[in-house]
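Below is one structure, written out as structure tokens; comments come after it.
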Amino acid sequence: MFVFVFACAGCGAELTVPLSPAALPPHAHQKYGNGLQLGVLMEAGTFAVDPDGAPGSVVLAPGDVRGTRLLPERAAGSCCGLDGAEGPNMACATCGLPVASRIDDCSLWQAVWLAPGAVRPVLVDDTAAPPATCGPGLPVPDAGADIVLVPVHPQTGETWTPDAAAHPVPLPFGVWRWLAFPRPHLTLPASGGLPDGVLRDDPPAPRPRSLFRADPGVFRHALARLPAARSPWFREISENLAQYVRAGLF
């Protein structure tokens, strides 16, 4: 597994802990609710590249950042925290170059987005280790099925390929697992607590309150990235998304 640290492009100071690449979560740019504090977008020790952003758009967990300081003059306009609307709000502690945007405002996933051009990746380990497999563990679908929902590997972004004639429809691993192996909603906290020495100050991700529904913004973003996005029949779906929202599909 390739492991990188990100360094300041100005002075070379290391700005992160060693990180492994992972697939960008599909909800990375999602806004959820009003006034809600969402959890951390990326798992600790990982980073992801935004394929639709500017070249070099990289996101990681806030706890994996080192050697930086906040820029208070770029924190205006947010509601309950930082939203990065005024540009990079974190600077290299060594040379002062703005290098990243800390996001922790309400309704946004907590993350740090590195500023393209202000940082550079430095390879620290290139040990070839295969990622963990992500097979569904379910029976092969019926021969008459037209489509089959399959998971996308959370680290590599690769789609699991079933041994079936049905057309595979990829889903984010978390969504697929929730549909394939639903867990009962716990009305009370589970017994026990965090292990000794483990501290946590971020809120957990909100639990679903109903059956799975696609987020309109994430759905529209996914539509725009498909090859058929410019087809007339396909544009009709995107342009009339509001009526599908009213119908309760989202």
To the nearest 0.5 Å, what is the distance between OG on Ser101 and CG on Asn89?
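That separation rounds to 5.0 Å.
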
Quick one: pull up CG in Asp105 and CG in Leu82 and give me the separation to the nearest 0.5 Å.
7.5 Å

Using a 4.5 Å cut-off on heavy atoms from C-beta on, say whether the side chain of [Y] contacts that of [X].
X: Pro162; Y: Val150; value: yes
X: Arg74; Y: Pro98; value: yes
X: Glu86; Y: Glu73; value: no
X: Pro172; Y: Val152; value: no
X: Val99; Y: Val119; value: yes
X: Ser57; Y: Pro116; value: yes
X: Val65; Y: Leu60; value: yes
X: Asp83; Y: Leu108; value: yes

Is there a donor-acceptor pair closer than 3.5 Å between any side-chain N or O of Ser231 and the backbone N or O of Trp233?
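Not a single qualifying donor-acceptor pair exists.
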
Looking at His153 versus Trp160, is the centre-to-centre ring distance below 6.0 Å?
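No.
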
What donor-acceptor contacts under 3.5 angstrom involve side-chain atoms of residues 1-22, with partners at least two apart or in another chain?
| from | atom 1 | to | atom 2 | distance (Å) |
| --- | --- | --- | --- | --- |
| Thr16 | OG1 | Phe6 | N | 3.0 |

Nearest non-hydrogen partners of Gly84 and Ile103, listed with the distance:
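Gly84 and Ile103 have their closest heavy atoms at N-CD1, 3.6 Å.
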
What's the shortest heavy-atom distance between Ala61 and Met42, and which atoms?
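Taking Ala61 first and Met42 second, the nearest heavy atoms are CB-O, 3.6 Å.
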
Between Val169 and Trp178, is there a shared hydrophobic cluster once you connect ILVMFWY residues whose side-chain heavy atoms come closer than 4.5 Å?
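Result: yes, single cluster for both.
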
Within the 3.5 Å criterion, strictly below it, is a donor on Asp50 or His29 matched to an acceptor on the partner's side chain?
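Yes, because at least one side-chain N or O of Asp50 sits under 3.5 Å from a partner of the opposite role on His29.
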
On the 0 to 90° scale, with breaks at 30° and 60°, tag the Trp176-Phe181 ring pair as parallel, tilted or perpendicular.
perpendicular

